[in-house]
Number of protein chains: 2
Amino acid sequence: MVVDDEPSIRDLLSASLRFSGFEVLTAADGYEAVEVAERTSPDLVVLDVMLPDLDGFEVARRITAPVLFLTARDATEDKIAGLGVGDDYVTKPFSLEEVQARIRAVLRRTRGESTPVSRLKVADLELDEDSREVWRAGRSVRLSPTEYKLLHYFMSNAGRVLSKAQILDHVWNYDFGGDAGVVESYVSYLRRKVDDVEPRLIHTLRSVGYVLREPPAG
Amino acid sequence: MVVDDEPSIRDLLSASLRFSGFEVLTAADGYEAVEVAERTSPDLVVLDVMLPDLDGFEVARRITAPVLFLTARDATEDKIAGLGVGDDYVTKPFSLEEVQARIRAVLRRTRGESTPVSRLKVADLELDEDSREVWRAGRSVRLSPTEYKLLHYFMSNAGRVLSKAQILDHVWNYDFGGDAGVVESYVSYLRRKVDDVEPRLIHTLRSVGYVLREPPAG
DNA sequence: GTGAGCCTTCAGCTATTCCTCAGGTCCCTG
DNA sequence: CAGGGACCTGAGGAATAGCTGAAGGCTCAC
């Protein structure tokens, strides 16, 4: 369930989550959130701290589902400490990659220890979501946070062509005002760090986008 | 079994214990506690002294399971220490690390003397839960209580990335109001005391958290 | 009461990271 | 083969996260 009073945020999140295969309900304020949560028992609630009626903490107290808080990057960020054990938070403005990563982490933690796919693999490139480690050809590679998010997005969409606009929408914060040049820069960084051996995995499709995949044999 | 009339405490404890692999039942008052205890014979009962109907001492008399009392830091604390009732106690506000440590200690004492994992080891760093001693590279190290709890939390989660918020939630009391800066301070203390030789074990993951592990080869 | 150790805050400093920009390269098209 | 658009990448300035020394206040033992 997604709870936020701003329709743009609500739509952004619910569309992105639906696309990833989640079933999504939404609520625009605290009372509606509590009501829907009681009626439908969602697996997880993405909850804005700042709501017009009840605040997010109060809503969290009244429901039983694990919560992923959305909060501004300011004083309220500190108040978030003292979360329930399964819970977590993301600061606004966020990137979709980040929200989805946290959602999966919370679900993995609270739901059984079944540890679903926490390890992504493409050819001899590997990424572990728990430890955030990355290996290429057996060698450990150190990535900055943005590099990691970008590589993670590529690997979760291996074989699919991603436009720079798509990449910008998923990996960068939703309020990022700059142009797509930054994507080129980061692809360049990634190539240097994880794609400096054969077979090359990151391919440019001129005037279309990028794709991560093993080159077809032959 | 967790017995407390405040839902927030009940949820905090039961979620944390479930995450650590315990099977948890809960009760909100004294009569329910006695009833559930008779029916299910729990291995241990975490029992708030202050309950709306029967008080914790009365409940403890009526059940056979070992008891870990929760009590305010005041006169009742002395009562418990004097009484000889119950097997141990923790004062509110507590930290999750502390409660879990006491639970394991009680279980180890009452259940067979099988002494399960009372010794944690990561590379040449060792920690003994019974004696609270810590060694690095064979050298004994003296730690303050908070330093010890933090290191214990790191070592029980070796290889897992822990955010500052998670650390705050587990190692500090649940009512701690300060910000995450204190975690940085204590990590700094720990580094000086137990991580001043190669290989470095405490690693910073910028804007993500910390992880205790042997550095990856390669 | 006094001192020692401990907890927490704070601020200056450092290292990393982010983003922009611009010159150069590649590739397609005409 | 020339031109132009798309892309690559090195350099650099700004912003930020994290480290650590210092200081204040607290508790506890003596």
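Side chains are part of it too, since the values below use all heavy atoms of this structure and drop only hydrogens, waters and symmetry mates. Chain naming here is simple, since letters A, B, ... match the order of the sequence lines and numbering starts at 1 in each. Everything quoted here is computed from the prediction, not taken from an experiment.
- A sub-4.0 Å separation between OP1 or OP2 of D:dG5 and a side-chain N or O of A:R206 is absent.
- Among the candidates B:R108, B:R119, B:K149, the single residue satisfying the salt bridge (charged side-chain N to carboxylate O under 4.0 Å, His left out) test with B:E129 is B:R108.
- Ring pair A:Y153/A:H170 is parallel by interplanar angle, where below 30° counts as parallel and above 60° as perpendicular.
- Remark: B:R136 engages B:D124 in a salt bridge, criterion side-chain N to carboxylate O under 4.0 Å.
- Side chains of A:S140 and A:E133: a donor-acceptor N/O pair is absent below 3.5 angstrom, by distance only.
- Residues from residues 158-178 of chain A lying near DNA chain D, meaning a heavy-atom separation below 4.0 Å, are A:K164 in numerical order.
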Exercise for the section: Produce a footprint string for nucleotides 21-30 of chain D: one letter per nucleotide, 5' end first; B if the base is under 4.0 Å from any protein heavy atom, S if only the sugar-phosphate is, - if neither. Expected result: SB--------
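- The span of DNA chain C lying next to chain B, judged by atoms under 4.0 Å from heavy atoms, is bounded 5' to 3' by C:dC6 to C:dT17.
- Of the two residues near DNA chain D, A:G209 and B:G181, the one whose nearest nucleotide lies more 5' is A:G209.
- In summary, B:D88 and B:R102 engage in a salt bridge, as defined by a charged side-chain N under 4.0 Å from a carboxylate O.
- Below 30°, between 30° and 60°, or above 60°: for B:F176 and B:W172 the angle between ring planes is between 30° and 60°, a tilted geometry.
- Summarising the geometry, atom CG belonging to B:D130 is positioned 13.0 Å from atom CZ belonging to B:R104; distances are rounded to the nearest 0.5 Å.
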